[in-house]
Protein chains: 2
Amino acid sequence: MTNIKDLAKMANVSVSTVSRVLNNHPYVKEEKRLAVLEAIKKCNYQQNINAVHLSKGKTQLVGVVLPFTDLPYFGQLLKGIANQALEHNYKLIIFQTNYIESRELEALQMLKQKQIDSLIICSRTCNLALIQEYLSYGPIVLCEKVEDTHLAATFVNHYQTFMKALDYLYEKGHRRIGYTLGRKTGTNSHERQSAYADFIKKYQLPNNPDYIITGCYHLEDGSQVVQSIQAMSEPPSALLVTSDQVAAGIVAYCQNQQIAIPDELALIGFDNQPIAKMLGITTIEIPIEEIGKNLFLQAINEEISSIEMEAKLIERGTV
Amino acid sequence: MTNIKDLAKMANVSVSTVSRVLNNHPYVKEEKRLAVLEAIKKCNYQQNINAVHLSKGKTQLVGVVLPFTDLPYFGQLLKGIANQALEHNYKLIIFQTNYIESRELEALQMLKQKQIDSLIICSRTCNLALIQEYLSYGPIVLCEKVEDTHLAATFVNHYQTFMKALDYLYEKGHRRIGYTLGRKTGTNSHERQSAYADFIKKYQLPNNPDYIITGCYHLEDGSQVVQSIQAMSEPPSALLVTSDQVAAGIVAYCQNQQIAIPDELALIGFDNQPIAKMLGITTIEIPIEEIGKNLFLQAINEEISSIEMEAKLIERGTV
DNA sequence: TTGTATGCGTTATCAG
DNA sequence: CTGATAACGCATACAA
């Protein structure tokens with residue numbers, strides 16, 4: 001592999017000069033610049049970027065931690081991040097964690113090792129305190145509401161959003177309302193749970209723990225949800241479903257089972273994904289790509305900020 | 001940042017010894033090893049991985065070129081790749097190209113620059129000859145049938161698969177058969193086109209160019225497809241849809257429009273995604289994750305191989 | 001079993 | 001405008 005030293009020899013200049021033309025620095029006589037350029041052409045030269053990274057102490061690489069790459073939600077989030085990365089001349093390195101903590105730690109390590117300049121954690125399972133320990137090695141940005149002012153974040157106020165949706169269902173006459181979650185843990189889930197708790201307290205509704213159905217990520221999970229509420233003596237009349245994918249699965253399964261929506265079961269999905277529009281599912285729109293965009297911008301910015309995004313109820317036919 | 005030099009001083013050994021304990025080399029006296037280990041703990045030392053990369057000339061990084069991250073097909077493919085990467089202690093760097101050639105070139109450049117050890121191209125728009133020029137810088141593996149024996153690849157025989165599906169529809173009595181594609185270009189699309197051409201020749205069916213509908217990637221594209229065939233004087237009675245997403249969109253739109261499936265329009269999807277199962281769509285199963293797995297293994301192996309994967313017709317209710 | 005010296009390919013400082 | 005030379009942090013051949 002030819003390096004700048006070789007180029008320098010070929011062009012009869014010093015390595016510094018070669019480096020200068022490589023980096024478009026001023027103060028290089030046109031004549032020498034051309035000589036270097038010619039040498040570059042001649043031997044099909046290419047920078048060794050690792051050397052650049054070592055020398056500069058930066059990699060133009062941003063890490064992205066996300067549990068699954070095959071969930072539409074994260075696919076869209078990644079898209080938003082990737083588009084900005086492209087625009088700002090950064091590359092992305094992906095940590096698919098499956099919510100295994102050690103994999104998140106690996107990402108944190110990479111930050112410390114300077115393989116990445118900053119880290120975006122789309123969803124985490126590890127402790128917040130642990131993350132803070134790594135803050136000194138580079139910006140870390142989260143996708144959840146966080147109190148610590150040292151941590152950047154872009155998020156949706158899930159408490160408020162959930163409460164709005166619940167109120168909406170209440171106004172429509174529903175008194176037995178259940179909801180589905182992905183994980184039981186995680187900030188967003190906790191916010192939703194506490195919104196629900198406050199909601200049933202507010203209206204003095206009975207607290208039925210069966211109404212909380214967890215582990216709902218995929219389309220396929222929809223049938224399970226329906227089956228489990230069918231098994232209840234007093235099934236909910238409405239469901240808040242925190243993923244349009246799952247909501248779609250529910251709609252399809254109900255069609256199969258001749259369960260009338262919304263008459264027998266009302267539904268509000270989340271995200272406003274294409275599938276929700278297609279199936280006419282009432283949903284809460286989350287600006288996912290926009291969130292991704294913000295996450296990236298926060299990752300490469302010095303100032304740490306906290307951005308709250310708006311979610312919007314889209315009324316369609318399932319309530 | 002403390003480096004091995006500092007550690008050496010602290011532990012009263014040489015940098016080589018430090019390096020040895022860091023890399024678990026034998027021939028280090030336990031006493032010194034412990035001294036080094038203590039120094040590491042003491043100053044919270046972390047390797048600068050860029051230096052390792054530069055020194056070794058390897059990065060344990062594999063590049064993945066893919067057009068979109070938000071299409072389920074690529075999400076699943078990425079999942080298959082990512083799981084293997086994890087297992088083999090590699091990291092992935094993602095190039096989302098939107099089928100823009102310059103972005104593919106960037107990935108190729110990274111290979112040349114030694115930022116990545118090898119490159120997986122899930123779908124390309126650039127010339128094959130161009131790719132070959134970069135072969136000397138590291139393994140490149142494709143996800144399409146390729147003649148060049150210098151290029152590794154895992155792929156589905158789309159000609160054969162398409163032909164089988166067409167024959168199946170023919171046996172079911174269909175004579176006016178159309179199909180949808182993502183892009184018009186690309187090896188896979190070409191194979192399908194030539195299968196179709198041979199098919200209509202074989203059975204002496206009329207060649208209706210309107211029956212080829214391109215630009216179909218997403219769920220939402222389903223309605224367009226139906227609208228366009230509704231506008232035809234002689235619409236196809238069956239459609240081969242190269243994405244279950246689009247097929248699902250078609251099914252949903254047809255339900256809306258009271259178009260009976262399969263009586264008025266028969267459908268075969270592709271990939272056997274969850275949504276196909278959910279909606280009872282007859283489809284061609286593609287082992288996407290398995291393909292991803294192979295792609296990765298080929299990327300880190302020296303020998304270049306070519307792996308053909310089997311696709312399988314799953315009969316459900318849309319034919 | 002250990003240490004010295006050198007290389008990896010750049011960038012950056014500083015003197016000219 | 002140009003060129004030495006010292007970082008950057010680690011791995012490793014070779015000598016001891």
Side-chain angles (χ1 to χ4, degrees), chain A residues 1-37 39-40 43-61 89 109-117 137-138, chain B residues 1-40 43-61 109-117 137-138:
Chain A
M1 215 182 115
T2 74
N3 53 27
I4 55 170
K5 219 167 171 177
D6 302 332
L7 289 181
K9 261 181 216 154
M10 294 179 62
N12 262 320
V13 296
S14 70
V15 290
S16 327
T17 300
V18 174
S19 177
R20 285 191 188 101
V21 343
L22 243 31
N23 294 285
N24 287 318
H25 280 182
Y27 308 137
V28 179
K29 201 185 271 173
E30 193 56 19
E31 185 187 321
K32 303 209 173 194
R33 172 186 305 281
L34 291 177
V36 172
L37 255 27
I40 289 176
C43 56
N44 191 22
Y45 166 81
Q46 187 73 32
Q47 256 188 343
N48 180 319
I49 207 128
N50 290 316
V52 177
H53 292 166
L54 175 60
S55 187
K56 288 197 171 172
K58 293 271 170 208
T59 59
Q60 295 288 113
L61 237 43
N89 198 29
Q109 291 287 336
M110 296 270 106
L111 188 64
K112 193 171 176 185
Q113 293 184 320
K114 292 179 163 303
Q115 170 139 16
I116 52 182
D117 293 344
Y137 305 110
Chain B
M1 213 181 118
T2 74
N3 53 27
I4 53 171
K5 216 169 174 176
D6 301 332
L7 290 180
K9 260 182 219 154
M10 295 179 60
N12 261 320
V13 296
S14 71
V15 289
S16 338
T17 300
V18 174
S19 177
R20 286 190 188 99
V21 343
L22 243 31
N23 295 285
N24 287 318
H25 280 183
Y27 308 136
V28 179
K29 201 184 273 175
E30 194 55 19
E31 185 188 318
K32 301 209 173 193
R33 172 187 305 282
L34 292 176
V36 171
L37 253 27
E38 199 187 306
I40 288 176
C43 58
N44 192 21
Y45 167 80
Q46 188 73 32
Q47 258 187 342
N48 180 320
I49 208 129
N50 290 316
V52 178
H53 291 166
L54 175 60
S55 188
K56 288 198 171 172
K58 292 272 170 210
T59 58
Q60 296 288 112
L61 237 42
Q109 291 288 335
M110 297 268 106
L111 188 64
K112 193 172 178 186
Q113 292 186 146
K114 293 179 161 306
Q115 170 140 16
I116 53 183
D117 293 344
Y137 305 110

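Every chain is numbered from 1, with letters handed out A, B, ... down the list of sequences.
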A:Val15 and A:Ala8 have their tightest heavy-atom pair at N-CB, 3.8 Å

Rounded to whole Å, CG of A:Asp6 lies from C1' of C:dG9 at a distance of 10 Å

Pick base, sugar-phosphate or nothing for A:Gln46, based on heavy-atom distances below 4.0 Å to the nucleic acid.
sugar-phosphate

Polar pair under 3.5 Å, donor/acceptor by atom type, side chain B:Ser16, base C:dT4:
yes

Which nucleotide sits closest to the side chain of A:Val52: C:dT2, D:dC10, C:dT10?
C:dT10

Remember a base hit wins even if backbone is also touched, and classify B:Val18 as base, sugar-phosphate or nothing at under 4.0 Å, heavy atoms.
nothing

Under a 3.5 Å distance rule, please check whether B:Asn50 uses its side chain to pair with a backbone N or O of A:Lys114 as donor and acceptor.
yes

Please give me the minimum heavy-atom distance between A:Asp117 and A:Gln60, naming the atom from each residue.
OD2-N, 2.9 Å

Return yes if the base of C:dG9 and the side-chain atoms of A:Ser55 contain a donor-acceptor N/O pair under 3.5 Å, otherwise no.
no

Of all the nucleotides listed (D:dT12, D:dA11, C:dG3), which has the minimum atom distance to the side chain of B:His25?
D:dT12

Phosphate contact (D:dA4 OP1 or OP2) by A:Ser14 side-chain N/O below 4.0 Å:
no

Rounded interatomic separation in angstrom, taking CG from A:Leu54 and P from D:dC10
9 Å

So, OP1 or OP2 of D:dG9: does either fall under 4.0 Å of a side-chain N or O from B:Asn48?
no

Just the rounded figure in Å: distance from C1' of C:dA5 to NZ of B:Lys5.
12 Å

B:Asn3 side chain to B:Lys5 backbone, donor-acceptor under 3.5 Å:
yes

Quick check against the 3.5 Å criterion: does B:Thr59 have a side-chain atom that pairs as donor or acceptor with the backbone of B:Gln115?
yes

So, is B:Gln113 close to the C:dG9 phosphate, meaning a side-chain N or O under 4.0 Å from OP1 or OP2?
no

Taking the nucleotide of DNA chain C with the closest heavy atom to each, which residue, B:Lys114 or B:Thr17, is nearer the 5' end?
B:Thr17

In this structure, how many angstroms lie between the P atom of D:dG9 and the NZ atom of A:Lys56, rounded?
16 Å

Quick one: label B:Ser19 by what it contacts on the DNA or RNA (base, sugar-phosphate, nothing), any heavy atom closer than 4.0 Å.
base

A:Ala51 has its side chain closest, among C:dT2, C:dT10, D:dG3, to C:dT10

From the options C:dT4, C:dT2, D:dC10, select the nucleotide whose nearest atom is closest to the side chain of B:Val15.
C:dT4

To the nearest Å, how far apart are A:Tyr27 OH and D:dC1 P?
8 Å

Distance, rounded to the nearest Å, where A:Asn50 contributes CG and D:dC8 contributes C1'
13 Å

When all nucleic acid strands are considered with a 4.0 Å heavy-atom cut-off, which category describes B:Lys32: base, sugar-phosphate, or nothing?
sugar-phosphate

Nearest whole Å is fine: how far is D:dC10 C1' from B:Ile40 CD1?
13 Å

Classify the nucleic acid contact of A:Asn23 as base, sugar-phosphate or nothing, counting any heavy atom under 4.0 Å across all strands shown.
sugar-phosphate

Closest heavy-atom contact between A:Tyr137 and B:Asn44?
OH-ND2, 2.9 Å

Whole-Å distance, A:Ile4 CD1 to C:dT11 P, equals 6 Å

